[in-house]
Amino acid sequence: KDVDLRNFTRRALFVDEPGIETIQEIAELKQKAISTWIKLARYYQAHIHSITGDGLMILIGGTQPEDADDWTVGARAFLIALRILESTDILNEELRQNLIDKGQETFANSSNNLLDIKVGVEFSNNTLMNPQGVIVNSNGMKKAVGEVKATSFEIDFSAKLLSYYNDIKEEKIEGSPKYGRLLILGEKYIELMDFKEEVPICFYTNYEKQMFGQKQTRKVYYLDCKSYKDEIITIEDIAALCNVYDASEMAKTASIHIARQEKVQHG
């Protein structure tokens with residue numbers, strides 16, 4: 001899962017002129033967003049894989065009991081995504097109030113000056129966790145010393161999904177406000193979850209690449225989460241949206257672990 005804060009980088013460009021926000025205020029805003037997402041990810045027992053600029057990558061899965069079932073892992077990703085999208089409203093309420101306190105009501109009431117959050121979700125059952133960094137000799141063996149990074153097509157593709165955000169938002173999302181609603185989904189995640197027909201998952205486009213004389217294609221989907229936000233939703237509720245056995249013992253086990261916060265896997 002990739003998460004990115006939109007309308008943020010350009011704020012720093014206007015620190016000096018017109019000088020409405022200070023660089024310290026912008027830094028604090030970014031820190032509040034990132035820390036909020038980290039807390040949400042840890043609550044649902046996900047891993048913070050990396051923090052890059054004004055975004056982060058979250059991985060879900062492992063060897064814990066709640067990770068044994070792939071569908072349950074996907075359901076937790078859906079829950080995290082909804083909560084992250086909801087944080088858009090919380091951040092914007094604070095940002096809007098700060099602008100009003102500075103006498104900038106006009107800017108406070110324009111969505112162009114507020115924040116948005118881009119979230120992309122994809123699934124991989126073949127992700128390699130491998131060390132990357134400087135090669136050193138250790139007991140006669142060469143090994144990389146540095147970060148342990150996740151490698152798979154889907155890991156990179158989840159970040160590519162975010163590039164479709166602006167076009168989907170402008171072309172497909174109706175009503176107001178438009179921020180904090182759009183979830184972009186990869187083909188493998190859609191296959192994993194098997195959402196029912198009544199769930200308004202929409203196809204947007206094909207992502208295509210060619211190499212070694214072959215062409216590979218992955219479908220890009222989106223979901224307007226407006227009706228799901230600000231609702232109390234459990235893994236069992238998500239099961240009701242999908243073609244799965246909603247009394248799944250794995251789902252029950254996972255929800256119990258989450259509710260009791262028995263294990264928190266830190267990134």
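The main-chain N or O of Glu208 is never found under 3.5 Å from a side-chain atom of Asn206 such that the two would form a donor-acceptor pair. Without hydrogens or angle criteria, Arg76 side chain to Gln45 main chain gives a donor-acceptor distance under 3.5 Å. The closest donor-acceptor contact from the side chain of Asn137 to the backbone of Gly140 lies at 3.5 Å or more, if one exists at all. Panel note: side chain Asp237, backbone Thr234; a donor-acceptor pair is recorded below 3.5 Å.
Using modelled atom types, one finds a donor on one side chain and an acceptor on the other under 3.5 Å when comparing Ser158 with Asp2. No side-chain donor from either of Glu170 and Asn166 sits under 3.5 Å from a side-chain acceptor of the other. Side-chain contact of Tyr165 with Asp116: a donor-acceptor pair under 3.5 Å is present, judged by distance alone. Between the side chains of Gln24 and Thr22, no donor-acceptor pair is found at a separation under 3.5 Å.
The salt bridge (Lys or Arg N to Asp or Glu O under 4.0 Å) contacts involving residues 190-200 comprise Lys188-Glu191, where partners must be two or more places apart or lie in separate chains. Residue pairs meeting the side-chain hydrogen bond (donor to acceptor under 3.5 Å, both in side chains) criterion with at least one partner in residues 84-94, sequence neighbours excluded, are Lys32-Glu94, Trp37-Ser87, Arg83-Glu86, Asp89-Lys229.
The number of heavy-atom neighbours closer than 6.0 Å to CD of Glu25, taken from other residues, nucleotides and ligands shown, is above 12. Surrounding NZ of Lys39 are at most 12 heavy atoms belonging to other residues, nucleotides or ligands under 6.0 Å away. The number of heavy-atom neighbours closer than 6.0 Å to CG of Asp16, taken from other residues, nucleotides and ligands shown, is 12 or below. By the 6.0 Å contact criterion, CD on Glu171 is enclosed, its count of non-hydrogen atoms from other residues, nucleotides or ligands being greater than 12. Within 6.0 Å of the NZ atom in Lys219, the count of heavy atoms belonging to other residues, nucleotides or ligands does not exceed 12.
Between Phe157 and Tyr207, the angle of the ring planes lies from 30° to 60°, which puts this pair in the tilted group. Ring orientation note: the planes of Phe78 and Phe195 are tilted relative to one another, at an angle of 30° to 60°.
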Give the intermediate values and the outcome of side-chain hydrogen bond (donor to acceptor under 3.5 Å, both in side chains) for residues Glu105 and Asn109. CA-CA 6 Å; Glu105 289 86 353; Asn109 293 322; over 6 Å; no

Please lay out, stage by stage, how Ile100 and Phe107 fare under the test side chain to side chain contact (heavy atoms under 4.5 Å, CB included). CA-CA 8 Å; Ile100 291 174; Phe107 294 136; over 6 Å; no

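A continuous path of Ile, Leu, Val, Met, Phe, Trp and Tyr side chains, each step under 4.5 Å between heavy atoms, connects Leu82 with Ile201, placing both in one hydrophobic cluster.
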